[in-house]
Amino acid sequence: MTAKTLTQMAVEVLTTADGREKTALSHKYAAEWFAARAAGTPLPVGEAEPPLRPARPEKPELLDPRDVPRRRPGSPEGRKAILHAVAHIELNAVDLHWDIIARFGHIKMPLGFYDDWVKSADEESKHFNMVCDCLEAMGSHYGALPAHAGMWRAAEDTVHDIMGRLAVVPMVLEARGLDVTPGMIKIFQNAKETATIEALEVIYAEEVGHVAYGSKWFHFLCGRHELDPKDEFHALVRKYFHGALKPPFNEEKRAEAGLPPDFYWPLADDIPNKPRDS
């Protein structure tokens, strides 16, 4: 029997709808990839045709961001809503990291590129399950509330552009997580919800690595194509990111992840699609 290629594994994860089943498969294939790497017999990367959108469970209902109900964060229902949103982000992140492998397998990259994104997908799978466990301990579950329908837009917009994908997903969207997670941790510290605090602290620490992988491989590709990384980042974010980069920024953690201030401050509150006066 021929071993699956890494891109075939990625497509299997993407086409699995249930969150717990998706993350179990993600863990399984990450373990297989790293076992083969440790043995000195890396699995072939291969090429695949991933779906434009990953499979999703029937619930949660996906709404336009403007229609997602807002709840007071200090209340138990508000804290459930925060965790539900985090679970949704983490499930999308699992798919985003497998998608970059499946989508761009035709581009010759070092094996370290695949190591980084398989590791990231594996960690995001852990994050999803940790947050789901916290939700269930609070008497809720993933799917109990509506969620943001726009999470996959960045993937669809950058379907043919690996550098655009790296710029927008890890270097903008995941970097935003570094900005907002400390505030979320404080909300749960005030509520003395220890298990959730521990889960969010793990997520916070490991997301720095995911942003760093994005920065590392973005710079690698800029070097390959003799492009100025800062100028290219600004151009790609303006092209693909639909919205503003909103301060305050977590400058310390962003720097730790390889994002200097001159990458993101020039884009702060710069809305690329805003109509201009003629």
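Note that the structure is a prediction, hence the values are computed from the model and not measured.
- Annotation for P51 and T15: closest pair CG-CG2, 4.0 Å, computed over non-hydrogen atoms.
- Hydrophobic clustering (side-chain heavy atoms under 4.5 Å, transitive across Ile, Leu, Val, Met, Phe, Trp, Tyr) keeps M151 apart from I82.
- Residues E123 and K126 are not paired through a salt bridge, judged by the lack of any N-O separation under 4.0 Å between the basic side chain and the carboxylate.
- Contact check for P110 versus W217: side-chain heavy atoms found under the 4.5 Å cut-off.
- Using a 4.5 Å cut-off between side-chain heavy atoms of Ile, Leu, Val, Met, Phe, Trp and Tyr, with links allowed through other members, V180 and I89 fall into different hydrophobic clusters.
- Within the 3.5 Å criterion, the main-chain N or O of K22 finds no donor-acceptor partner in the side chain of S26.
- Note that the CZ atom of R56 and the CG atom of L91 stand 4.5 Å from one another [nearest 0.5 Å].
- Counting all heavy atoms, side chain and backbone alike, P248 lies closest to R176 at O-NH1, 3.9 Å.
- Here D18 does not pair with R20 in a salt bridge; the nearest charged N to carboxylate O distance is not below 4.0 Å.
- Each of E90, E136, H88 was evaluated against Y142; a single residue qualifies, H88, per the side chain to side chain donor-acceptor pair (under 3.5 Å) test.
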Report task. Could you walk me through whether Y240 and D161 pass side chain to side chain contact (heavy atoms under 4.5 Å, CB included), step by step? Result -> CA-CA 10 Å; Y240 292 121; D161 190 341; 2.8 Å; yes

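- Follow the hydrophobic side-chain contacts under 4.5 Å out from F241 and you reach L166 in the same cluster.
- Between R53 and D95, no side-chain nitrogen of the basic residue sits less than 4.0 Å from a carboxylate oxygen of the acidic one, so the salt-bridge criterion is not met.
- For the atom pair NE2 of H210 and CG of D116, the computed distance is 9.5 Å after rounding to the nearest 0.5 Å.
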Requested in this report: In sequence, state the C-alpha distance, the side-chain angles, and the governing distance for V118 and M9, and then conclude on side chain to side chain contact (heavy atoms under 4.5 Å, CB included).
Outcome: CA-CA 11 Å; V118 172; M9 293 176 173; over 6 Å; no

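- Between the CD atom of E32 and the CG atom of L6 there is a distance of 10.5 Å, given to the nearest 0.5 Å.
- Residue P170 comes nearest to V211 through the heavy atom pair O-CG2, 3.6 Å, listed as atom of the first residue, atom of the second, then distance.
- For the pair P76 and M138, the tightest heavy-atom approach, listed with the atom from each and the gap, is O-CE, 4.2 Å.
- Under the 4.5 Å side-chain heavy-atom criterion for grouping Ile, Leu, Val, Met, Phe, Trp and Tyr, L62 is not connected to L145 through any hydrophobic cluster.
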Requested in this report: Begin from the C-alpha positions of I107 and R224 and carry the test side chain to side chain contact (heavy atoms under 4.5 Å, CB included) through to its verdict.
Outcome: CA-CA 12 Å; I107 297 174; R224 174 181 281 182; 4.0 Å; yes

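- Under a 3.5 Å cut-off, the side chain of W98 and the backbone N or O of E12 do not form any donor-acceptor pair.
- The two residues A147 and P60 come nearest to each other via the heavy atoms CB-CG, 3.8 Å.
- In this structure, L227 and F233 have side chains that are not in contact, with every pair of non-hydrogen atoms separated by 4.5 Å or more.
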**Report entry** Verdict with reasoning, D157 to V168, per side chain to side chain contact (heavy atoms under 4.5 Å, CB included)
**Finding:** CA-CA 10 Å; D157 288 346; V168 173; over 6 Å; no

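- Taking the six-membered ring for Trp and the full ring otherwise, the centers of F113 and F220 sit at least 6.0 Å from each other.
- Considering every non-hydrogen atom in both A257 and S215, the closest pair reads O-CB, 3.7 Å.
- Note that CD1 of I203 is 11.5 Å distant from CZ of F128, once rounded to the nearest 0.5 Å.
- Exactly one residue among W117, Y114, Y213 makes a side-chain contact (heavy atoms from CB on, under 4.5 Å) with I100. That residue is W117.
- Taking the charged nitrogens against the carboxylate oxygens, D122 and K119 have no contact shorter than 4.0 Å, which rules out a salt bridge.
- A salt bridge is absent between R153 and E156; no separation between the charged side-chain nitrogens and carboxylate oxygens falls under 4.0 Å.
- Although no hydrogens or angles enter the test, the distance criterion places a donor-acceptor pair under 3.5 Å between the side chain of R165 and the main chain of A155.
- At least one side-chain heavy atom of I197 sits less than 4.5 Å from a side-chain heavy atom of I185.
- Between R103 and I162 there is no side-chain heavy-atom pair separated by less than 4.5 Å.
- Here the straight-line distance linking atom OG1 of T158 with atom NE2 of H160 works out to 10.0 Å at 0.5 Å rounding.
- W265 and E251 are linked by a side-chain donor-acceptor pair at a separation below 3.5 angstrom, with hydrogens and angles left out of the test.
- Rounded to the nearest 0.5 angstrom, H234 NE2 and D228 CG are separated by 9.5 Å.
- Panel note: side chain D179, backbone N250; a donor-acceptor pair is recorded below 3.5 Å.
- Between H219 and F263, the gap from one ring centroid to the other is short of 6.0 Å.
- Under a hydrophobic clustering in which Ile, Leu, Val, Met, Phe, Trp and Tyr are joined whenever their side-chain heavy atoms come within less than 4.5 Å, directly or via other members, L111 and Y29 fall into the same cluster.
- A cation-pi contact, defined as under 6.0 Å to the ring centre and within 45° of the axis, links R254 to Y264.
- Residues N92 and H148 have side chains that never bring a donor and an acceptor to within less than 3.5 angstrom of each other.
- Residue H225 qualifies as enclosed at atom NE2: its count of foreign heavy atoms under 6.0 Å is above 12.
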